[in-house]
Number of protein chains: 2
Amino acid sequence: MAGQKIQRQTGVALWRQIADRIRTSINHGDFDETGMVPPETMLALQFGVNRHTIRSALGALAQEGIVRAVQGRGTLIERKERLSFPISKRTRFSQGIGDQVRETRSVLLAASEEAASVELARQLKINTGTRLVRLETLGQADHRPVSRATSWFPADRFGGIADVYRATGSITKAFKELGVPDYVRVVTEITATHADEGDLADLQLSPGAIVLITQALNTDLDNVPVQYSISRFAADRVRFTVEN
Amino acid sequence: MAGQKIQRQTGVALWRQIADRIRTSINHGDFDETGMVPPETMLALQFGVNRHTIRSALGALAQEGIVRAVQGRGTLIERKERLSFPISKRTRFSQGIGDQVRETRSVLLAASEEAASVELARQLKINTGTRLVRLETLGQADHRPVSRATSWFPADRFGGIADVYRATGSITKAFKELGVPDYVRVVTEITATHADEGDLADLQLSPGAIVLITQALNTDLDNVPVQYSISRFAADRVRFTVEN
DNA sequence: CGGAATTTGTGCGTATGTATG
DNA sequence: ACATACATACGCACAAATTCC
């Protein structure tokens, strides 16, 4: 984190730029030897700002639960982690990261039914206006939110999927109960953007945080689309891995 | 773009948050029918801010060359793009996006030689301390910077790759000249973070902007690692596509 | 062509947020 | 905690350019 310059008058406050950089450094393991952030005076010198500004930045990180300031000792690092998500034909939420955490859970936030928009119809290869079941879910690892997803399923085949999902907490198991023993990921699109209001709430992020977005299509073994989903991951908690 | 809420007092100025959202909407094609951004008064109403604030946001986008305001008429959209990068066994910079832009170019920023670190040795399956050639490159599409990459090659096989790359402007062609007719992408890791100082300069971004990072290993057809690279993409200009 | 409506451009005063010392 | 300087955001008013009837 040597000599990084901070930009003034760009619409992003100095304390936030600095908070973001310190968060990145922590995730990168730059302070692993001591388990602490450098003293405020040293950070102020490094970034070329007043100590007040550093305190604002550390205050924001403390609010996120990433660091904890202790008078007389310093600012301790509370948490750093980045889950690795494999993206492949067999992409599932819990399976790929099962060995990295103690517990994975998926919670149903909302369920509704709607008519397929032009875009959804194109993705799921159905007619516009076809009835779809829409599920809003939250993925957690060790009780910390990792991703929020919106998924659409053709209502004629999967009308009752909300109830089954609520009971099992798993898309894979819900599909099995509804006569789809297996399914495969056909294509995944990955983009990144700033967290929106819903991300801040559901994923417990702070404004300016980054979300990685995947848009994915799953089909059954007969190549018939069964699920289209848009997932939003807290970018500083995950990494995607593509095996070719 | 209906009813998106803007966050106050978060260290990110309202005009910057709004500029980012409008840029996203433009890239998403929300204003394609008219080719124009909605009037300032309407945007002010939608975002719940003063018209001056909207003007600051549009001013920033005008500075980026994305929109152009014309008195009496409105604010015209000058450019919108999000290049789609396929990630597969045959991932190359120019090939996948060739049909989306008029011109792709790759520029050599710097070249040097260094000893393999523990991490690089692990990735390239060589001994720590083995000599490596390191290339810093900048990928451009239609004269706009899209990605910056650092690549490492075993120096014993590819000692002269810097000169060949400078001449051809292509890794693929450089490999061919150096006796590697073909190579494949083994694994790609994808993360996202805030732009650092180098990103701001090379990719012409503003602070708070997002970069998508890929870490990738390429091998020759005998499964011998030939290149390890870390690339940083301007997140609002690209999209990754994984085909399974 | 006239004139109203629409839309961007500009100025000023004020309140609050950010950053320094 | 206090004083200072500048950036951000608001509200109001009016000017200038374009469009449309």
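So that the names make sense, note that chain A is the first sequence line, chain B the second, and so on, each numbered from 1. Computed from heavy atoms alone, side chains included, the values below leave out hydrogens, waters and symmetry copies.
Here F240(A) pairs with F233(A) under the ring-ring contact (aromatic ring centres under 6.0 Å, His included) rule; sequence neighbours left out.
In this structure, the CE atom of M36(B) is 11 Å from the C1' atom of dT6(C), given to the nearest Å. dT7(C) atom P lies 13 Å from atom CG of L45(B), rounded to whole Å. Here dT18(D) presents its C1' atom at 12 Å from CG of L76(B), a figure rounded to the nearest Å. Separating the CH2 atom of W15(A) from the C1' atom of dA7(D) is a distance of 15 Å, rounded to the nearest angstrom. For the pair Q17(B) CD and dA9(D) P, the interatomic distance rounds to 8 Å; values are reported in whole Å. Look at CD1 on I54(B): it is 15 Å from P on dT8(D), rounded to the nearest Å. As a whole-Å value, the separation of F47(A) CZ from dT20(C) P is 13 Å. Following rounding to the nearest Å, E40(B) (CD) and dC10(D) (P) show an atom-to-atom distance of 14 Å.
Between R55(B) and the phosphate of dT8(C), there is no side-chain N or O to OP1/OP2 separation shorter than 4.0 Å. A sub-4.0 Å separation between OP1 or OP2 of dT7(C) and a side-chain N or O of T75(B) is absent. Residue T41(B) places none of its side-chain N or O atoms closer than 4.0 Å to OP1 or OP2 of dT6(C).
For R148(A) and E136(A), the salt-bridge test fails: no basic side-chain N is under 4.0 Å from an acidic carboxylate O.
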Within the 4.0 Å limit for protein heavy atoms, which parts of nucleotides 11-16 of chain D are touched? Write it as a string from 5' to 3', B for base, S for sugar-phosphate only, - for none. BB---B
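In this structure, the side chains of W15(B) and R55(B) stay at 4.5 Å or more apart for every pair of heavy atoms.
The base-pairing partner of dG2(C), taking Watson-Crick or G-U wobble contacts with both distances under 3.5 Å, is dC21(D).
Checked by atom type, the side-chain pair S84(B)/T241(B) shows a donor-acceptor distance below 3.5 Å.
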